[in-house]
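The block underneath contains the structure these notes are about, expressed in C-alpha cells.
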Amino acid sequence: EAVIASTGEGLLLIDTRQVIALANSNAGDLLHLDAEDLIGKSVPDVLSLTPAAGASRQDENLITAALKKGQVMVAKTTSSLILRPVHGKEFPVAIVVTPIRGDGIVGAVVAFRDTTEEKSLEEARSSFLSVASHQLRTPLTNVRWYAEMLLAGDAGRLTDTQHEFVNQIHRGIVRSAETINVLLTLARLDVGKLKSEPHNVHLVSFTNDILKELKPSLDVKGIAMQFIHPKSVPALLVDPHMLREVMLNLIANSIQYTPDENGK
C-alpha cells in the first residue's frame with residue numbers, strides 16, 4: 001500500500017474479473033474520484049480506453065489481453081490511447097498492464113499517466129520542424145535554379161575557377177535540400193500524416209519524368225544515364241508520392257556519387 005500510494009503514476013490493483021482491489025490517490029485524481037470509491041468497482045465501470053490516431057486497435061483491450069496472455073502490455077506515448085473517465089474530461093494516456101502471478105494469473109497492476117503535456121510538446125516540435133523546413137526549402141530551391149543556370153552558361157561562360165566555385169555551391173544546396181526533405185518526412189511521421197494513397201502508376205513514364213527533372217544535374221556533371229526497361233511493364237498500385245521520393249533519392253545519389261567527366 002505504501003509503494004502504491006507513493007508512486008507518481010495512477011495505479012490500480014485489479015483481480016482477474018477487472019475488479020479494483022486497491023487504488024492510489026493519483027489514480028483517483030486522474031479519474032476524478034476518491035481512491036476509496038474506486039475499490040470494488042469494475043474497471044470498465046470507471047473508465048474506457050479507445051485508440052488515439054495512429055494507435056493499434058488491439059491496444060483498446062490491453063487489460064483483457066494482459067490477464068488472458070499473462071504478458072506485460074504497453075501502450076506508449078507515441079501510440080497512446082484516449083482514456084475516457086466516467087467523470088471528467090478525456091485525455092491521452094500511456095499505460096502499462098503487468099499481470100500478477102500466483103496460482104496462475106491472479107490479477108494485474110495497471111499503471112497509467114496523462115500524456116497531454118508530452119503530446120503537446122511533440123506536436124509543437126513537429127510543427128516547428130515542418131514550418132522551418134518549408135521556409136528553408138523555398139529559398140534553397142531558388143538558389144539551386146540560379147546555380148544550375150550559371151553552370152549551364154545561361155549568364156555567360158564561366159572560367160574554370162568560377163565553374164568549380166558554383167559547382168561547389170550547387171552541391172551544398174543539393175545536400176541541404178536532402179536534409180530538409182528528411183526533416184519534413186520525420187515531421188509527417190511524428191504526427192501520423194504520412195499516409196499511403198495508392199494509385200495505378202506506369203513505371204516507365206513515371207521514371208522518365210523523374211529523369212527529365214534530373215537532367216540538369218546530369219548535364220552539370222557531364223555524365224549520361226541510360227534507362228533500360230522491358231517493352232511492356234504493367235501498372236502498379238503504389239503511392240506515387242512515396243515512390244517518387246524513393247526514385248529521386250536513388251537516382252540523385254547515383255548522379256551525385258558518379259565521377260564527372262573530369263573524374264571528380
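In this structure the side chain of Val86 never reaches within 4.5 angstrom of the side chain of Asp45, judged on heavy atoms. No side-chain heavy atom of Val106 sits less than 4.5 Å from a side-chain heavy atom of Asp15. Residues Ile14 and Leu22 form no side-chain contact, since every pair of their non-hydrogen atoms from C-beta on lies 4.5 Å or further apart. Side-chain contact between His199 and Asp239 is absent, with no heavy-atom pair separated by less than 4.5 Å. Side-chain atoms of Leu49 and Phe112, non-hydrogen and from C-beta on, never get closer than 4.5 Å to each other. Side-chain contact between Met247 and Thr207: present, with at least one pair of heavy atoms (C-beta onward) separated by less than 4.5 Å. Inter-residue side-chain proximity for Pro99 and Val72 is flagged as met; some heavy-atom pair is nearer than 4.5 Å. Residues Val43 and Val110 form no side-chain contact, since every pair of their non-hydrogen atoms from C-beta on lies 4.5 Å or further apart.
One hydrophobic cluster, built from ILVMFWY side chains closer than 4.5 Å, cannot hold both Leu140 and Met149; they sit in different ones. One hydrophobic cluster holds both Met225 and Leu214 under the rule that ILVMFWY side chains link at heavy-atom gaps under 4.5 Å. Cluster membership check: Leu250 does not share its hydrophobic cluster with Ile210, using side-chain heavy-atom separations under 4.5 Å among Ile, Leu, Val, Met, Phe, Trp and Tyr. When hydrophobic clusters are built by joining Ile, Leu, Val, Met, Phe, Trp and Tyr residues whose side-chain heavy atoms come closer than 4.5 Å, directly or via intermediates, Leu33 is grouped together with Phe91. Cluster annotation: Leu248 is connected to Leu203 through the hydrophobic network of ILVMFWY side chains, with a link wherever side-chain heavy atoms come within less than 4.5 Å.
Remark: Asn142 CG is packed, more than 12 non-hydrogen atoms of other residues, nucleotides or ligands lying under 6.0 Å away. Environment of CZ in Phe206: crowded, with over 12 heavy atoms of neighbouring residues, nucleotides or ligands closer than 6.0 Å. Other residues, nucleotides and ligands contribute over 12 non-hydrogen atoms within 6.0 Å of the CZ atom of Phe227.
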For this session: Kindly determine whether Leu31 and Leu83 satisfy side-chain contact (heavy atoms from CB on, under 4.5 Å), including the steps that lead there.
Result: CA-CA 9 Å; Leu31 298 175; Leu83 188 149; 3.7 Å; yes
For this session: Test side-chain hydrogen bond (donor to acceptor under 3.5 Å, both in side chains) on Ser217 and Gln256 and set out the steps.
Result: CA-CA 8 Å; Ser217 298; Gln256 181 180 348; over 6 Å; no
For this session: Evaluate the side-chain contact (heavy atoms from CB on, under 4.5 Å) criterion for residues Ile63 and Met73: first the C-alpha distance (whole Å), next the side-chain angles of each, then the deciding distance (0.1 Å), finally the verdict.
Result: CA-CA 7 Å; Ile63 296 177; Met73 304 298 290; over 6 Å; no
Problem set entry | Test log, rule side-chain contact (heavy atoms from CB on, under 4.5 Å), inputs Asp114 and Leu30 | CA-CA 8 Å; Asp114 186 344; Leu30 290 168; 3.9 Å; yes
For this session: Test Val204 against Asn208 for side-chain contact (heavy atoms from CB on, under 4.5 Å), laying out the working first.
Result: CA-CA 6 Å; Val204 175; Asn208 276 324; 3.7 Å; yes
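A salt bridge links Arg244 with Glu213: the closest approach of a Lys/Arg side-chain nitrogen to an acidic carboxylate oxygen falls below 4.0 angstrom.
Judged by distance alone, with hydrogens and angles left aside, the side-chain atoms of Ser42 form no donor-acceptor pair with the main-chain N or O of Val19 at under 3.5 Å. A distance-only check finds a donor-acceptor pair linking the side chain of Arg101 to the backbone of Gly70 [under 3.5 Å]. Formation of a donor-acceptor pair under 3.5 Å by the Asn61 side chain with backbone atoms of Thr64 is not found in this model. Distance alone, capped at 3.5 Å, places no donor-acceptor pair between the Lys215 side chain and the Leu211 backbone. With hydrogens and angles ignored, the 3.5 Å screen pairs no side-chain donor or acceptor of Asp34 with any backbone N or O of Glu36. A donor-acceptor pair under 3.5 Å links the side-chain atoms of Asn26 to the main chain of Gly8, judged by distance alone. Judged by distance alone, the side chain of Lys221 and the main-chain N or O of Ile255 form a donor-acceptor pair under 3.5 Å. Counting only distance, with no hydrogens or angles, the side chain of Glu245 and the backbone of Met242 share no donor-acceptor pair below 3.5 Å.
Closest non-hydrogen pair, Ala23 versus Ile39, comes out as N-CG1, 4.5 Å. A pairwise comparison of heavy atoms in Ala147 and Val166 identifies O-CG1, 3.6 Å as the closest pair. Scanning all heavy atoms of the two residues, the minimum distance from Pro92 to Thr116 falls at CD-OG1, 3.3 Å.
Each of Leu38, Val109, Val46, Val97 was evaluated against Leu12; a single residue qualifies, Leu38, per the side-chain contact (heavy atoms from CB on, under 4.5 Å) test.
The distance from atom CD1 of Ile173 to atom CD of Gln168, rounded to the nearest 0.5 Å, is 11.5 Å. A distance of 12.0 Å separates CG in Leu67 from CZ in Arg17, rounded to the nearest 0.5 Å. Here CD of Glu90 is found 4.0 Å from CZ of Arg84. Values are rounded to the nearest 0.5 Å. Once rounded to the nearest 0.5 Å, the distance linking CD1 of Ile169 with CD of Glu164 reads 10.5 Å. How far CG of Leu11 is from CD1 of Ile20: 11.5 Å, rounded to the nearest 0.5 Å. The distance from the CD atom of Glu148 to the CG atom of Asn167 is 10.5 Å, given to the nearest 0.5 Å.
Taking the six-membered ring where the residue is Trp, the centroids of His163 and Phe165 are separated by 6.0 Å or more.
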